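Right, one structure below, let's go through it.
FYI, side chains are in, hydrogens and waters are out, and symmetry mates aren't considered; it's all heavy atoms of this structure. Keep in mind it's a predicted model, so treat the numbers as computed, not measured. Ligands are counted one by one from 1 in listed order, and the atoms in each one are counted from 1 as well.
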Amino acid sequence: MNFCPHCGSAEISKLIPAGDNRPRLVCGACTTIHYRNPKIVAGCLPVWEDKVLLCRRAIEPCYGLWNVPSGYLENGEGVEAGAIREVWEEAAAKVELTYLISLYNLEKINQIYLQFVGELVEGKFAVGEESLECQLFTEADIPWDEMAFTSSTFTIKRHFLDRRDGTQRLHRASYPTL
Ligand SMILES: [Zn+2]
């Protein structure tokens, strides 16, 4: 941060404000403390019969690799709505959320993934604008070596485990758990 987003001043310093316990970016002109906090990534694994829908990314990072539809939550948006929106943007598909399956922490890059399992409505999908292609995979066909993110691998594996166990539960982990 070179300029204060609040007043435009260049007098930004890193210091521990009174009553706080860690360094923050503070504007010397208007005294605004600019807190920086983790971002939420919301996503949903669409399920149809014994298959899951994955998308091959048309955007960086990890262009060309497969992913569970996911993306940054927008301001004013709930996690559920964000997950549904991401499936629409990446796979032009509608989902009915079934349960929250993953809480996946990436502390080193300040991201928290929250991913649902959802039923793919009528099994219909196309290719969203952020994808090169979208495809339904059985567990045996998942391209494990071409996955974009560990969070996706984590969620897909837990989904098939839950399915075998007949359970629907929240799985929690931190990077680099697969
Ligand atoms: Zn300022």
Tyr99 side chain reached by Asp162 side chain, heavy atoms, under 4.5 Å
yes

Do Lys124's NZ or CZ and the ring of Trp48 fall within the cation-pi criteria of under 6.0 Å and 45°?
no

Taken by chain and residue number, the protein N/O/S atoms under 2.8 Å from the Zn ion (ligand 1) read Cys4 SG, Cys7 SG, Cys27 SG, Cys30 SG

Does atom CZ (Arg172) have a neighbourhood of more than 12 heavy atoms from anything else shown, all under 6.0 Å?
no

Given the options Arg158, Lys157, Lys51, Arg164, Glu139 meets salt bridge (charged side-chain N to carboxylate O under 4.0 Å, His left out) only with Arg164

Check: Val47 and Arg163 side chains under 4.5 Å, non-hydrogen atoms:
yes

Which of parallel (below 30°), tilted (30 to 60°) and perpendicular (above 60°) describes Phe149 and Tyr113?
tilted

